[in-house]
Amino acid sequence: MLRKKFGIALIVLMAALSVLPVSAQEPVIIRWLVGLGTGVNPPQVPPQEQIVADFNASRSDIQIEVQFVETGASIDTLSTLIASGNAPDIVGPVGVQGSQAFADAYLDLTPLIESSGFDLSQYNPEAVDFYRVEGEGLLGLPYAVYPSFIGYNADLFDEAGLNYPPDAFGAPYVMPDGTEVEWNFDTLAEIGRMLTVDANGYAANEPEFDPTAIVQYGYSPQFASAQGIGTLFGAGTVVAEDGSAQIPDSWREAFAWVHDGIFGEQPFIPSEPVTATDEWGTGNPFSTGKIAMMNMHVWYITCCLGEVVKNWDTGAMPTYNGTITAKLHADNFRILETTEHPEEAFEVLQYLTIERGAELLQVYGGMPALAADQPAFFDVFTEAYPNINQELITDALSYVDVPSHEGNMPNFAESNARLDQFSSLFRSTPDLDLDEALATLQSDLQAIFDRAAES
Amino acid sequence: MTATAKSNDLRVGNTSTTKNYDLRRRRILWGWLFLSPWIVGFFLFYFIPMISSLVFSFTNFDLSRPNEIEFVGLRNWGSLFADPNVGASLLNTLKYGLVALPLSVIIPILIATLLNDKRLWGKQLVRTLFYLPFMVPTVASAFIWAGYLNPETGWLNRFFSTIGITLPNWMYDPQAIYFGLFFISLWGIGNSILIMIAGMQTVPSELYEAARVDGAPPLTIFRRITLPMISPVIFYNVVLTTIALFRFFDAPFMLKGSTGNPAGSTLFYNIYVYRVAFPQQSMGYGSTLAWLLFVIALIVTIAIFLVARRFVYYANEEN
Amino acid sequence: MATKKNTAIAVPAPSENTQTSTVLFHHARRYTAGAILTLFALLLLLVYLSPFGYMGVTALKSNEQIISGSLLPASPQQFEYQGELYDVVNVPTENGIQQWALVEPGRTTSQFIDPANPSAGLIEWEGRWRGLERVSSLDLQWNNFAIAFERVKFPRMLFNTAAIAVIGVVGTLISCTLVAYGFARFPIPGKNVLFIILISTIILPRQVTLVPTYAFFAALGWTGTWLPLLIPHFFANAYNVFLLRQYFMTLPRELDEAAMIDGANPFQILLRVIIPQAYPVLVAVGLFHFVFAWNDYFEPLLYLINAPELQPISVGIQQFNDLYTREPALLQATSIMALVPPVILFLLSQKVFMRGVVVTGVDK
């Protein structure tokens, strides 16, 4: 009886949807949605529109329609569009986390690659495998990678009379008195304290320091999720080999280090309430010029630096227990499974990522995944940003986090939400029993994993 | 009042029964005519979506895989009991509602009385100013409040700290955030105030004059004349505020997204519905949650309607 | 009979003998009462509207001013030296407070230049520069409004928003009045059940009806147009019907019946008897819908995603709210600009409010 009602409802809905008009004579319209990742900042929009306009002028059989949706609303909007049968054909650039949100919505490119004779061998096989999902096929082509490093504000270092962070991975750091020390997180904390200043000019390591009147901080792990922060001290995942929930040891240390850095005796990291204020950049404190160091990905350079920071530069990630981890973001373009024109969509995909891919990479601030393309990328990129250290950024690719800090988890959306809650908790609560909070986190995650296993 | 009785009188024995019956039938037909826009609109815009979502609650409808939808019977409904977030979010909503409902009904009445007073100067301007916050777009007001209530640099806490009082951490303390949210909702009472004023202005002036002649004190006038005469409008406010509280979403979402921070205290029921339906893409289970809310809220609303019969006075009904 | 208490009600009873001094006394009473009430109202408003101060101040700040954390939009005085601008600061020296430009800040010593004597070169000063006060003056960034105006393409968006709002108001007023009249005055069987159904349409969270509703409009081909935002309002909505019904039910039936006896049909009664008595609430309903349509955000975003030239202000303003690069000043500036039409409308509608004060027609 219920089945019948359901069937009828479904038929009604399907009948309604099948009324969609289909025209054969007009050009195929491929809709491209930007907003799941970067690409919607005002300076980024015109170049993308120009690339679309060029394509549309040169072709009469296919036309691209580009839509920009603010990142905050993009997931909801895309969900509604997909669910109601009105989805775009291509989304991009989209990162690992953005694609997790729509894990089963992407088109397997394998048949298209075979039928169009696309040359897959030009890519590094590991990079390609990164986008292969068991049971689903090849969901995207390697496109852009965003290695990370320490971004620092040179002016603040000058004012403090400190040397800049080392410009090569593994190099030592030179303290003000000339001694060489290992560039690890303890060192970073030490100089972070010297770079944290109150309204009267006293640093955090001086006795007259007033923690209620801080006007500059030494370090900010901004934009990093809980997993991102944990990964600073070593790659890991909350999903153990047997599928149960775990908190990697390196992550525990990282959380404790950050919490102490915020609320300890000599703070050098701003808390979440502070970074949420307009005064501190509404979530982007480095752009206010009042933060000395942050962990920066390449995409930050083209989107979020702002006008205030004049002398910024790139430095190496510190080690932890002898290991360096420079977490990686990776973007690509994907075709949605619901597309009605897969061949045309694949053509547009190639146009965007290969023919015009290099230009778009400059817009998004992404390094090409293809090693062969990287020198050409830097030739152009360093024209706009002469101060970056090309070798350092390329080197960072050798220290990427495996498993990825954005890696899959059972019931990804809910697990991620729970981890976000933890991230906010330990960055805004002074008297926190970290062990207890972590224990609760682990058991909550376990419950989420269990529920995911049942369904 | 006796004139009313005749046209609606259907008692057997009335000499003009047939005529009255015809009259009544005609009035009923007219009534249907007037209701028709809504009835048509209901079937076009509400019925199908509502039934669809009810149907979804019996499926595993996943937003990103709409074509793989499957019928799963009562599984979602069973999950309701095993899901700790359901109880927790209902509790949060209840906690907030217990504080917000009485205040959201009483405060507008008080302010409306003030603004309706004949002796007030610049009524037009004052009323506009009270209504002003209601007209601010949600995204802007969320920013304003996030800035205003920020424990470090917000005006509220900064002002009070200059006179030596430390106010709670509105945005990050699980208990204080309810009050923070309530301040934000106070900004939206412009609507209720206006409705109250409109209602107060329909109270026949001769009732007030008669009371003054009798020398009744203002409090008694308020209690015996104003309140009962505007009770239909108060009733409106109570019903809508209750429903709005069940659907509480905009303010906490703008401030904290669907995270429920701090520590799950802003995970109100509707925020949880949103989180299940969109970020987690489980529209099937999300629809189930929504319909549970529907049932609860409907029961409460009907209860209010039944209680209201005793208290609401409509001028055109017989006492 | 209750004694005549000397309370705030100061109008003398008609039967009393009114002598000049008593009248003056009562007028004075009334005057002070009015003054006190107004003062109280203004005090309340001051607290109630204080967040607007934050809004206004933020809208007039530049990015640097926001970062500096100063309460008001104030910029430091600057001095150009060798092609760069440096802030001027009050520096305490042995010769009193000097106003020098800070060229090279250092932790314990800093280099300054004297704007009055730049050729003398850099002056070294011992001390912590951060405690020094910048010489700043009020610097309101009125051009934030111009920038926001340009970025949001304000004229176009204003037109879009106004069109959507006004058409919606017309539709709502017509349909909701008709439906509320039906509920309020006619003995329809099962009326209460229908009314509950009406109310129930606003209980179900929008999130779950969004997808089927969107699919419906997409099937009709209405995405990318204003139609999904306008047409439903021509079929009444529960909020306004509820309010109007409550209101209509407070109106005494005598006038209705008088008109009926004169041979008017229900429609004419609606036009000539009910509506004239209902101006305040009709204006209220129109205003509510206008404000709602003015600020509605998610549905316009969804339906007009590929039609940017049709988008209302509430969607356009989102570009300042991106996750990574927020621009608080421009956001608030746009909001202020967006507030102007509803406020003007509200001020104008007040007159109708006043005029619509009910005079009950039944003087027996």
Side-chain angles (χ1 to χ4, degrees), chain A residues 13 15-21 31 33 38 40-42 45 65-73 76-77 79-81 83-86 88 155 158-162 194 197-203 215-216 223 277-284 287-290 299-300 303-304 306-308, chain C residues 54 58 61-70 84 102 104-110 127-132 151 207 210-221 223-224 297-299 301-303 305-308 315 317-332:
Chain A
L13 196 59
L17 291 175
S18 66
V19 171
L20 277 167
R31 287 163 54 210
L33 185 88
T38 182
V40 289
N41 291 293
V45 172
E65 214 181 81
V66 61
Q67 299 163 2
F68 297 94
V69 185
E70 269 62 46
T71 321
D76 298 348
T77 311
S79 300
T80 312
L81 292 177
S84 53
N86 211 13
D155 285 337
D158 288 338
E159 188 260 354
L162 287 170
M194 295 190 237
V197 190
D198 69 13
N200 294 318
Y202 293 105
V215 295
Q216 176 183 306
F223 296 146
T277 63
D278 287 345
E279 215 179 296
W280 288 89
T282 334
N284 184 1
S287 67
T288 63
K290 302 195 281 190
W299 52 258
Y300 186 82
C303 84
C304 313
E307 310 285 312
V308 179
Chain C
Y54 183 83
T58 308
K61 284 187 184 169
S62 68
N63 213 20
E64 283 88 1
Q65 290 168 343
I66 292 180
I67 291 172
S68 72
S70 63
E84 298 264 350
L102 178 61
E104 270 191 49
R107 197 48 66 82
T108 48
T109 65
S110 307
R128 303 204 178 230
W129 64 273
R130 281 186 207 267
L132 301 178
R151 288 268 296 271
Q207 284 82 6
L210 192 62
V211 171
T213 312
Y214 184 83
F216 173 69
F217 285 125
L220 289 176
T223 55
Y297 155 62
F298 193 67
E299 257 128 30
L301 173 74
L302 196 61
Y303 291 114
I305 187 177
N306 44 350
V315 177
I317 210 179
Q318 286 299 316
Q319 63 176 282
F320 301 126
N321 191 26
D322 187 51
L323 212 54
Y324 298 113
T325 49
R326 294 213 165 94
E327 298 174 84
L330 293 178
L331 185 85
Q332 301 302 343

Heavy-atom cut-off 4.5 Å, strictly under: side chain, backbone, both or neither for [X] against chain C?
X: A:Val215; value: side chain
X: A:Asp155; value: neither
X: A:Ala199; value: backbone
X: A:Tyr202; value: both

Quiz item: Can you list the residues that meet the side chain to side chain contact (heavy atoms under 4.5 Å, CB included) rule with A:Val197, with sequence neighbours excluded?
Solution: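 A:Gln216, C:Arg107, C:Arg130.
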
Exercise. Could you tell me the separation between the NZ atom of A:Lys290 and the OG atom of C:Ser68, rounded to the nearest 0.5 Å?
Key: 7.0 Å

Self-check item: Interatomic spacing from CG in C:Leu302 to OG1 in A:Thr80 - rounded to 0.5 Å
Solution: 5.0 Å

Relative to chain A, which segment of [X] carries a heavy atom at a distance below 4.5 Å: side chain, backbone, both, or neither?
X: C:Thr223; answer: side chain
X: C:Thr58; answer: side chain
X: C:Tyr303; answer: neither
X: C:Leu301; answer: side chain
X: C:Pro328; answer: side chain

Quiz item: Quick one: of C:Pro308, C:Ser110, C:Gly131, C:Ser70, who has the most non-hydrogen atom pairs under 4.5 Å with chain A?
Solution: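 Winner by heavy-atom pair count: C:Gly131.
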
Might you point out which heavy atoms bring [X] and [Y] nearest each other, and give the distance in Å?
X: A:Asp278; Y: C:Ile66; value: O-CG2, 3.4 Å
X: C:Ile67; Y: A:Ser287; value: CD1-O, 4.3 Å
X: A:Asn200; Y: C:Arg128; value: O-CB, 3.3 Å

Quiz item: When only pairs under 4.5 Å are counted, which of A:Glu159, A:Met194, A:Glu279 shares the most heavy-atom pairs with chain C?
Solution: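 Looking at each of A:Glu159, A:Met194, A:Glu279 in turn, A:Glu159 comes out on top.
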
Exercise. Only counting residues at least two apart or in another chain, list the ones meeting ring-ring contact (aromatic ring centres under 6.0 Å, His included) with C:Tyr54.
Key: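 For C:Tyr54 the ring-ring contact (aromatic ring centres under 6.0 Å, His included) partners, ignoring immediate neighbours, are B:Trp155.
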
Quiz item: Do C:Ile305 and A:Leu81 come close enough that some side-chain heavy atom pair is under 4.5 Å?
Solution: yes

